[in-house]
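Keep in mind that the numbers below use all heavy atoms, side chains included, and drop hydrogens, waters and symmetry copies.
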Amino acid sequence: MHKFGWDFKVNVPETPKCVICVAPHTSNWDFIVGELAIRSAGMKAGFLMKSTWFFFPLGLLLKSIGGVPVHRGKKKDGKSSITDSLVDAYAKADTLAIAVTPEGTRGLNPHWHKGALVIASEANVPLVLAYIDYKNKIACLDKVLTPSGDLDADLDTIRRYYKDKGYMARFPEKFSTGLE
């Protein structure tokens with residue numbers, strides 16, 4: 001599908017419940033391009049975002065389009081309460097897709113987070129690897145990864161998948177998989 005000068009591609013089968021892992025994430029524009037891409041494919045995906053963005057009236061808009069505020073810091077038993085909430089949401093829903101950025105920030109971060117893997121693993125849903133390529137104006141849902149239960153090995157698989165995609169970022173100098 002071609003809109004606004006961008007191509008949106010879906011290389012995966014229809015996946016009613018999944019966690020969408022999106023990288024590189026170096027710009028606020030990633031959100032806009034990602035939303036246009038997912039909606040042009042006839043899908044809707046929620047997204048996790050730092051809770052400080054959910055102030056009135058912006059918070060109402062963000063929630064209405066699928067935003068889930070993430071409160072950083074407080075964790076119980078080594079995992080965040082957001083993980084438990086999302087696992088429950090997946091159990092109750094017939095269809096649910098949540099987009100997560102493994103970098104966890106738009107800035108340079110070679111230490112990726114395992115949150116997307118933990119959520120997918122505990123909710124027993126696949127992880128869909130997606131990318132946004134600013135150089136060629138392509139946003140793509142590209143590959144399905146079923147979590148193996150070994151979070152470290154799965155995270156290495158994801159990092160290797162994205163390792164050669166840094167040039168695609170809006171700001172390539174802000175992207176790192178930590179594998180260089």
Asker: Can you tell whether the side chains of Lys9 and Asp142 come within less than 4.0 Å, N to carboxylate O?
Answerer: no

Asker: How close do Trp112 and Ala23 get, counting heavy atoms only, and between which atoms?
Answerer: CH2-CB, 4.2 Å

Asker: How many angstroms lie between OG1 in Thr101 and NE2 in His113, if you round to the nearest 0.5 Å?
Answerer: 8.0 Å

Asker: Taking the side chain as everything from C-beta on, heavy atoms only, tell me whether Tyr162 gets closer than 4.5 Å to Leu129.
Answerer: yes

Asker: Sequence neighbours left out, what pairs pass salt bridge (Lys or Arg N to Asp or Glu O under 4.0 Å) with at least one residue falling in residues 11-30?
Answerer: none

Asker: Checking one residue: Leu60. Which other hydrophobic residues are in its cluster under the side-chain 4.5 Å linking rule?
Answerer: Phe56

Asker: Going by the rule salt bridge (Lys or Arg N to Asp or Glu O under 4.0 Å), which residues pair with Asp164 if we only count those two or more places apart in sequence or in a different chain?
Answerer: none

Asker: For Gly178, does its backbone N or O pair with a side-chain atom of Ser176 as donor and acceptor, under 3.5 Å?
Answerer: yes

Asker: Roughly how far apart are Ile20 CD1 and Ile98 CD1, rounded to 0.5 Å?
Answerer: 8.5 Å

Asker: Honestly curious: do Leu108 and Tyr167 fall in one hydrophobic cluster under the side-chain, below-4.5 Å linking rule?
Answerer: no

Asker: Pairs in or reaching into residues 90-110: which pass ring-ring contact (aromatic ring centres under 6.0 Å, His included), with residues at least two apart or in two chains?
Answerer: none

Asker: Give me the other members of the hydrophobic cluster that Phe171 sits in, counting Ile, Leu, Val, Met, Phe, Trp and Tyr linked by side-chain heavy atoms under 4.5 Å, directly or via other members.
Answerer: none

Asker: Less than 4.5 Å apart, any side-chain heavy atom of Cys18 and any of Leu127?
Answerer: no

Asker: Nearest 0.5 angstrom please: Phe8 CZ to Met43 CE, how far?
Answerer: 13.5 Å

Asker: Are any of the side-chain heavy atoms of Ile132 and Met168 separated by less than 4.5 Å?
Answerer: no

Asker: Which heavy-atom pair separates Arg160 from Leu179 by the least distance, and what is that distance?
Answerer: N-CD1, 3.6 Å

Asker: Please give me the minimum heavy-atom distance between Arg170 and Thr26, naming the atom from each residue.
Answerer: N-OG1, 3.4 Å

Asker: Could you check if a side-chain atom of Asp133 sits within less than 4.5 angstrom of a side-chain atom of Cys140, using non-hydrogen atoms only?
Answerer: no

Asker: Give me the atom names and distance for the closest heavy-atom approach of Val87 to Ile119.
Answerer: CG2-O, 4.3 Å

Asker: Which residues pass the ring-ring contact (aromatic ring centres under 6.0 Å, His included) test with Tyr134, sequence neighbours left out?
Answerer: Trp6

Asker: Would you say that Val128 contacts Val19 through its side chain, given a criterion of any heavy-atom pair below 4.5 Å between the two side chains?
Answerer: no

Asker: Just by modelled atom types, is the Val144 backbone N or O under 3.5 Å from a matching donor or acceptor in the Thr146 side chain?
Answerer: no

Asker: So do Ile158 and Leu117 actually touch side chain to side chain, heavy atoms under 4.5 Å?
Answerer: yes

Asker: Does any non-hydrogen side-chain atom of Thr105 lie less than 4.5 Å from one of His25?
Answerer: no

Asker: Around atom CG of Asp88, are there more than 12 heavy atoms of other residues, nucleotides or ligands at under 6.0 Å?
Answerer: yes

Asker: Indicate yes or no: at least one non-hydrogen side-chain atom of Tyr131 is less than 4.5 angstrom from one of Ile138.
Answerer: yes

Asker: Looking only at non-hydrogen atoms, find the nearest pair between Val22 and Ala99 and report the distance.
Answerer: CG2-CB, 4.2 Å

Asker: Taking all non-hydrogen atoms of both residues into account, name the closest pair between Phe175 and Lys165 and its distance.
Answerer: CE2-C, 4.4 Å

Asker: If we ignore hydrogens and angles and just use 3.5 Å, is the side chain of Arg159 paired with the main-chain N or O of Pro110 as donor and acceptor?
Answerer: yes

